[in-house]
Amino acid sequence: MPADRRVSELERVRPAPTRASGRVMVAELHRVAEIGGLGAGAVVTEPVSAVKLAALARYGLASKAPTLRDLEGDRQAATLLATVRHLETSSVDDALDVLDLLITSNLLARAERAGKAEQLRTFPKLRKAARTMASAVEVLMSAREATEDRLVSLVEVWKAIEEVVPREKLASAVQTVAAFVPTTDDDAAAEWRAELVKRYRTVQGFIELLLEVIRFRAVEAGTAVLRWCAPPRRWPRAAAAMAPATSPRMRR
C-alpha cells in the first residue's frame with residue numbers, strides 16, 4: 001500500500017465502474033492500459049488448468065489485501081497472477097460496457113430525441129401545408145372527366161382550384177412538404193447520421209485513446225471496419241505502459 005494512499009494498488013484497479021461518462025471512460029481506458037502493462041498475460045500458465053486459474057482469480061478478486069499478503073509465497077504469487085490475468089480481460093469488458101452505455105444513452109438516444117423534437121417543431125407547418133394541398137387535390141379529384149362531347153381544359157381546372165386555394169398559397173405548401181418530407185428512406189437515415197455527427201463531442205475526449213489502448217478484432221466481414229478504426233501513426237501513444245489489450249467480446 002503506497003504511503004500516501006488508503007487503499008492498496010490491487011484494490012485501486014480491482015473495482016468495476018459504477019457509472020458512465022466521458023471522464024469515467026478515460027479513467028477505464030487508463031485502467032485497462034495499466035493492468036495490461038503489468039505483463040501478466042505474457043506469463044506461461046499452460047501447466048495450470050483454466051478451472052484452477054479461475055478459482056485463484058475468484059479468490060483474489062474477493063479477498064482483502066491483508067488476506068492476500070498473509071498467503072504463503074507461492075500461493076500468493078499464483079493468486080495475484082491469476083487475478084491480474086482475469087483483470088486484463090474484465091477491465092476491457094468494463095470499458096466496453098461504459099462505451100456501450102455512452103453510445104446508446106448519450107449519443108444514439110439523444111440524436112433520436114433531437115430528431116423527434118425537430119419533427120414536432122415542424123409538424124404544425126407540415127400539417128398546414130398538407131391540408132392546403134389536400135383541398136386542391138379534392139377539387140381536382142371532383143372535376144368532371146373529359147368525354148367525346150365535352151373537353152375539360154387545364155384553365156378550367158385551375159380556376160376551380162383557385163376558388164378554394166390561391167395558386168401562390170398552393171405553391172408555398174408544395175415547397176414546405178418537399179422541404180420537410182424526405183424523398184427516400186435513405187434521406188431520413190442521412191438526417192439521423194447528421195444528428196450523430198453533431199454529438200461527436202460525446203466521444204471526442206476518448207476515441208483516440210480507445211483505439212490506442214484496445215486492439216479490436218473481427219471476423220472477415222468486419223475487417224474493412226477495422227481498417228477504418230486503425231489509429232494513424234501521427235497519434236501519440238496514450239502512455240508508455242499502454243500495451244494493447246484484447247477481450248473475447250471484441251470479436252463481436
Side-chain angles (χ1 to χ4, degrees), residues 1-106 203 205-218 231 235-252:
M1 184 180 300
D4 59 340
R5 292 183 181 176
R6 302 181 62 180
V7 297
S8 66
E9 291 292 274
L10 176 61
E11 188 62 33
R12 182 176 60 82
V13 300
R14 187 164 49 182
T18 57
R19 57 190 180 89
S21 68
R23 183 173 298 180
V24 171
M25 186 66 197
V26 171
E28 281 304 299
L29 291 174
H30 281 285
R31 174 174 172 250
V32 170
E34 182 177 1
I35 294 172
L38 296 176
V43 179
V44 178
T45 59
E46 292 178 358
V48 183
S49 66
V51 174
K52 182 62 176 177
L53 284 174
L56 288 170
R58 284 195 300 270
Y59 184 84
L61 291 170
S63 300
K64 298 293 184 180
T67 302
L68 298 175
R69 184 182 56 209
D70 294 338
L71 291 176
E72 185 269 332
D74 290 343
R75 174 65 185 272
Q76 182 190 76
T79 301
L80 291 176
L81 174 63
T83 300
V84 174
R85 285 174 66 93
H86 174 83
L87 287 173
E88 283 184 343
T89 300
S90 65
S91 63
V92 174
D93 288 342
D94 292 339
L96 295 180
D97 284 339
V98 174
L99 176 65
D100 179 65
L101 189 57
L102 283 175
I103 295 298
T104 54
S105 63
N106 290 13
V203 298
F206 60 79
I207 189 65
E208 295 185 8
L209 184 62
L210 173 70
L211 299 178
E212 284 284 334
V213 172
I214 298 180
R215 180 181 299 152
F216 291 91
R217 297 177 180 177
W235 290 357
R237 295 298 299 174
M242 288 192 175
T246 59
S247 167
R249 289 182 53 187
M250 290 181 289
R251 298 184 179 89
R252 293 181 180 179

Inter- and intrachain pairs under salt bridge (charged side-chain N to carboxylate O under 4.0 Å, His left out), touching residues 58-73, at least two apart: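 Output for this query is empty, none listed.
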
Closest heavy-atom pair and its distance - [X], [Y]:
X	Y	answer
A33	V213	N-CG1, 4.0 Å
V26	F206	CG2-CB, 3.8 Å
V43	L81	CG1-CD2, 3.7 Å
P17	V98	CG-CG2, 3.6 Å

Partners meeting side chain to side chain donor-acceptor pair (under 3.5 Å) with E11 (sequence neighbours left out): R14

Quick one: side-chain contact (heavy atoms from CB on, under 4.5 Å) partners of [X], sequence neighbours excluded?
X	result
L53	T45, V48, A82
R19	S21, V24
T79	L56, Y59, L68, L71, R75, T83
S49	V51, K52

To the nearest 0.5 Å, what is the distance between CG on L29 and CG on L99? 8.5 Å

To the nearest 0.5 Å, how far apart are CD1 in I35 and OG in S90?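 Here the interatomic distance stands at 6.5 Å.
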
Between L209 and M25, is any pair of side-chain heavy atoms under 4.5 Å apart? no

Just so I know, are the side chains of I214 and L96 near enough to count as touching, which here means a heavy-atom distance under 4.5 Å?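 Touching, per the 4.5 Å side-chain cut-off.
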
Test R31 against E28 for salt bridge (Lys or Arg N to Asp or Glu O under 4.0 Å), laying out the working first. CA-CA 5 Å; R31 174 174 172 250; E28 281 304 299; 2.8 Å; yes

In sequence, state the C-alpha distance, the side-chain angles, and the governing distance for V32 and D94, and then conclude on side-chain contact (heavy atoms from CB on, under 4.5 Å). CA-CA 9 Å; V32 170; D94 292 339; over 6 Å; no

Under 6.0 Å from the CZ atom of R12, do we count more than 12 heavy atoms belonging to anything else shown?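 Atom CZ in R12 is crowded, with more than 12 foreign heavy atoms closer than 6.0 Å.
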
Do V84 and V13 pass the side-chain contact (heavy atoms from CB on, under 4.5 Å) test, and can you show the C-alpha distance, the side-chain angles, and the key distance before you say yes or no? CA-CA 10 Å; V84 174; V13 300; over 6 Å; no

Note: R85-E88 ion pair, threshold 4.0 Å (strictly below):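 No, no charged N to carboxylate O under 4.0 Å.
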
